[in-house]
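Residue indices begin at 1 and follow the sequence shown. In this text, all values refer to a predicted model and were calculated from it rather than measured experimentally. Because only heavy atoms are used, hydrogens play no part in the values below, and waters and symmetry mates are left out as well, while side chains stay in.
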Amino acid sequence: MALEKANTLPPACYTDDAFYRFEQEALFNHEWLCVGREAQVAKPGDYFTTRIIGEPIIVARDRAGVIHAMSAVCQHRAMLVAEGAGNARSFVCPYHHWTYGLNGDLVGAPAMGRTCDFEKSSAGLPVFKVEIWFGFIFINFDRDAAPLAPRLAEVGKAIANYRLDEAETLTPFTGQFPWNWKVMFENNNDGYHASRLHQGPLHNFVPSERAVFPDSDPADAGFLRFNGTLHPDASFNPTQRAVLPIFPDLVAEDRGRMTFANVPPTLSLVMTSDLVIYLILRPDGAETMEQDTGFLVAPGASKDPAFEHRLEMIMTSSRKIIAQDMHVDELVQQGLRSRFATRGRYSWQEGAQSQFNRWLILRYLAAWQALKARGEQGA
């Protein structure tokens with residue numbers, strides 16, 4: 001449907017517990033989900049834990065340098081075998097000391113010799129498909145899922161000059177928020193509000209009327225939004241210009257705009273000439289979510305003795321802008337619960353919202369048809 005005729009999603013899509021459970025099957029059980037950066041498991045034995053839709057996950061690099069992702073749930077009595085992050089030779093369940101390798105294989109199970117038909121080879125941690133894209137680690141619960149990168153060809157071309165696989169990864173931080181994950185995803189891609197909610201010197205160099213929305217196929221894994229800036233190398237700080245080293249391979253086109261690259265349902269990138277902000281969205285309920293927020297800078301940028309001071313210039317301004325977004329997100333979620341919430345109409349400056357909706361609806365319909373077919377077969 002053309003943007004001029006499109007409506008927003010029904011409010012229940014953001015508030016209803018049953019719909020959230022449907023989304024788990026329609027989206028999260030079969031799409032590629034970003035869980036972090038390769039830099040978080042830089043050395044053999046490095047690991048970190050996370051969770052998406054309530055599933056505890058371990059990401060680890062084995063001794064051969066291969067990255068694995070697996071459930072953190074011990075296959076004995078469901079104790080979590082790892083928390084936080086660190087470096088390990090194996091994962092030992094604290095409860096009964098079942099021991100798992102960095103690839104998830106069960107390598108030790110004390111006092112199980114008298115248990116009938118017990119085979120260690122069939123009791124490893126459930127493992128997930130893994131794919132690396134520009135240094136981001138993606139997992140898929142669906143072992144039959146098609147590869148990710150071919151479905152991100154257009155997004156990949158648009159951001160290739162950033163060479164994010166070589167970028168420095170700064171330590172991410174995690175927050176918990178009282179709103180639906182789509183509220184956050186939509187806000188990050190909303191060009192309409194930029195010149196209104198964020199009006200002022202910290203944001204007015206990236207006006208809403210310069211938003212551009214490249215065509216996208218909803219069957220692809222991602223989509224883009226570009227927003228032209230009033231001058232090259234614009235950056236979120238009081239000078240409005242880059243204060244950190246520019247990503248070295250950017251061309252004039254890259255430097256004259258901000259790029260928003262999206263790989264739903266979990267990854268959203270905000271890209272300027274000197275800093276990339278990445279958001280990893282991790283829903284844990286119909287109206288609650290966690291989010292990992294991280295930052296990428298040009299290779300070697302942190303070696304500048306003034307790096308921390310320059311970065312703080314950006315962080316101070318960004319925090320003020322983010323606070324405005326967070327306040328809106330919370331009140332939008334409250335409004336979505338109202339009997340008076342309706343399906344609104346879009347401005348041309350909300351093209352990314354329509355792209356997101358088409359991406360969602362394609363998967364909603366496919367999942368609905370599959371569930372309906374299974375119900376008919378069981379009847």
TODO: Run the numbers on Asp292 and Arg282 for salt bridge (charged side-chain N to carboxylate O under 4.0 Å, His left out), then give the verdict.
DONE: CA-CA 8 Å; Asp292 303 321; Arg282 300 187 285 107; 3.0 Å; yes
- [ ] For the pair Thr272 and Ile314, evaluate side-chain contact (heavy atoms from CB on, under 4.5 Å) and give the outcome as yes or no after the intermediate values.
- [x] CA-CA 11 Å; Thr272 65; Ile314 300 175; over 6 Å; no
Task: salt bridge (charged side-chain N to carboxylate O under 4.0 Å, His left out) assessment of Arg21 paired with Glu25 - done: CA-CA 7 Å; Arg21 291 192 295 272; Glu25 172 60 20; over 6 Å; no
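Cation-pi contact between Lys182 and Phe356: absent, since separation from the ring centre below 6.0 Å together with deviation from the ring axis within 45° is not met.
The side-chain contact (heavy atoms from CB on, under 4.5 Å) test applied to Asn188 returns Ser268, Val270, Leu279, not counting sequence neighbours. For Lys303, there are no side chain to side chain donor-acceptor pair (under 3.5 Å) partners, not counting sequence neighbours. Listed by chain and residue number, Phe22, Tyr364 satisfy the ring-ring contact (aromatic ring centres under 6.0 Å, His included) test with Phe19 (two or more places apart in sequence, or in another chain). For the ring-ring contact (aromatic ring centres under 6.0 Å, His included) test, no residue two or more places apart in sequence or in another chain qualifies with Tyr100. Taking Tyr162 as the reference, Phe247 meet the ring-ring contact (aromatic ring centres under 6.0 Å, His included) condition, with sequence neighbours excluded. With sequence neighbours left out, Tyr47 forms a ring-ring contact (aromatic ring centres under 6.0 Å, His included) with Phe91.
At distances below 3.5 Å, at least one donor-acceptor pair connects side-chain atoms of Arg61 with backbone N or O atoms of Val41. Between the Arg225 side chain and the Asn189 main chain, a donor and an acceptor come within less than 3.5 Å of each other. Judged purely by atom type and a 3.5 angstrom limit, Glu168 uses its side chain to pair as donor or acceptor with the backbone of Ala301. Side chain of Asn262 to main chain of Pro264: no donor-acceptor pair is present (N/O by atom type, distance under 3.5 Å, no hydrogens or angles). One N or O on the side chain of Gln353 and one on the backbone of Glu186 form a donor-acceptor pair closer than 3.5 Å. Ser195 places a side-chain N or O within donor-acceptor distance of the main-chain N or O of Ser208, the cut-off being under 3.5 Å. Under the 3.5 Å distance criterion, the side-chain polar atoms of Gln75 are matched with a main-chain donor or acceptor of Val73.
Relative orientation of the Phe141 and Phe128 rings is perpendicular, given thresholds of 30° and 60° on the angle between their planes. Between Phe185 and Phe223, the angle of the ring planes lies from 30° to 60°, which puts this pair in the tilted group.
For the residue pair Asp325/His198, the side-chain donor-acceptor check at 3.5 Å is satisfied. Checking Asp105 against Asn103 by side-chain atom types alone, a donor-acceptor pair falls below 3.5 Å.
Leu331 and Trp179 are assigned to two separate hydrophobic clusters, defined by single-linkage of ILVMFWY side chains at heavy-atom distances under 4.5 Å.
At least one side-chain heavy atom of Gln349 sits less than 4.5 Å from a side-chain heavy atom of Arg196. You'll find the side chain of Arg257 stays beyond 4.5 Å of the side chain of Val212, heavy atoms only.
Comment: Glu312 engages Arg319 in a salt bridge, judged by a side-chain N to carboxylate O separation of less than 4.0 angstrom.
Partner of Trp181 under the side chain to side chain donor-acceptor pair (under 3.5 Å) criterion, chosen from Glu287, Glu23, Gln291: Glu23.
Between Phe236 and Phe205, the distance separating the two ring centers is shorter than 6.0 angstrom.
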